[in-house]
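Quick caveat, the model's predicted, so the values are computed rather than measured.
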Amino acid sequence: MSLIESFLSQFNKAFLVDSRWKIFLKGFVNTITITLGAAAIGIVIGVVAAVFRYVAAQRDPRKKKTLGSMAVTVIDKFIAVYVAVIRGTPLAIQLMIMAFIVMQGISNSIVVSIVAFGLNSGAYVSEVIRAGIQSVDNGQMEAGRSLGLDRVATMRLIILPQALKNILPALCNEAIAVIKETSIVGLIAVVDLTRASDLVRSRTMQPYFPLLITALIYFLLVYGLSVCVSKWEKRLAKSDKR
């Protein structure tokens with residue numbers, strides 16, 4: 001059998017026989033769904049946690065403690081513990097705890113995966129955003145307040161847009177990490193791209209095509225995201241020069 005015939009034979013077994021391409025399509029859809037859902041949750045958690053910790057850090061310790069200030073302290077400590085626990089434990093363990101303990105009553109493993117990955121991403125995003133906020137000069141907050149804006153409006157209209165420009169590459173890296181980390185959802189029986197390649201490989205007993213195609217798809221996803229973020233960075237840089 002020639003090299004071309006061997007190539008076509010393996011391709012046929014991996015994708016065409018028994019419509020095995022549908023397994024890859026299902027895995028691709030699940031991977032994208034989990035990634036987008038987790039990214040959305042992570043961004044929301046990250047922004048809220050980062051802004052809250054920033055505001056808590058700006059409080060004057062000399063002021064008299066009130067019920068509100070004590071509540072802020074408790075929430076700030078809770079967020080700090082949440083970030084430390086998430087960053088200090090393996091994602092695979094977090095995923096299994098979410099699936100088999102916290103959300104064991106939920107049969108939809110994709111929803112469980114989205115929540116688990118979203119909580120994990122939120123911890124990292126919060127630190128990235130907090131670093132971005134701290135990189136903005138403190139005078140920006142004072143300038144916003146002098147214009148009559150409250151703290152929330154100043155943060156939303158002045159601080160966060162500037163912070164975003166500083167942390168865009170780091171946020172891109174986190175998004176890339178989420179895409180690649182979804183490869184472990186097979187631990188809770190979700191058919192993602194990696195699990196799809198395992199299923200096809202077990203049926204064909206030929207690992208080359210399933211694994212190489214899966215690696216290529218991951219690469220294209222990551223590369224496409226990197227290109228989009230790079231173009232966004234250039235557009236933001238152009239807007240700064242105007």
Pairwise distance [atom1]([X]) to [atom2]([Y]) - rounded to 0.5 angstrom:
X	Y	atom1	atom2	answer
Ile110	Ile34	CD1	CD1	5.5 Å
Leu160	Gln162	CG	CD	10.0 Å
Asn166	Ile129	CG	CD1	12.5 Å
Leu147	Leu157	CG	CG	10.5 Å

- prompt: With no hydrogens and no angle check, is any side-chain donor or acceptor of Gln104 less than 3.5 Å from a backbone partner on Ala99?
  reply: no
message: Test your reading of the model: is there a side-chain donor-acceptor pair from Ser230 to the backbone of Ser226, 3.5 Å cut-off?
response: no
message: For a side-chain contact (heavy atoms from CB on, under 4.5 Å) check, start with the C-alpha distance between Cys172 and Trp232, then their side-chain angles and the critical distance, and finish with the verdict.
response: CA-CA 11 Å; Cys172 177; Trp232 191 11; over 6 Å; no
message: Applying side-chain contact (heavy atoms from CB on, under 4.5 Å) to Leu164 and Leu171, what does each step give before you reach the verdict?
response: CA-CA 9 Å; Leu164 178 61; Leu171 287 179; 3.9 Å; yes
Phe100 atom CZ, neighbour heavy-atom count above 12 within 6.0 Å: yes
Locate the shortest heavy-atom distance separating [X] from [Y]; write the atom from each residue and the value.
X	Y	value
Val128	Ala170	CG1-CB, 3.6 Å
Ser113	Val190	OG-CG2, 3.7 Å
Ala49	Ile79	CB-CG2, 3.8 Å

- prompt: Should Ser121 and Ile41 be marked as a side-chain contact (heavy atoms from CB on, under 4.5 Å) after you check the CA-CA gap, both sets of side-chain angles, and the distance that decides it?
  reply: CA-CA 8 Å; Ser121 180; Ile41 293 174; over 6 Å; no
Derivation of the side-chain contact (heavy atoms from CB on, under 4.5 Å) call for Gln206 and Arg201: CA-CA 6 Å; Gln206 295 176 335; Arg201 181 170 53 85; over 6 Å; no
query: Is a side-chain donor-acceptor pair under 3.5 Å present for Ser126 with Tyr82?
result: no
message: Pairing donors with acceptors under 3.5 angstrom, does anything connect the side chains of Asp192 and Thr182?
response: no
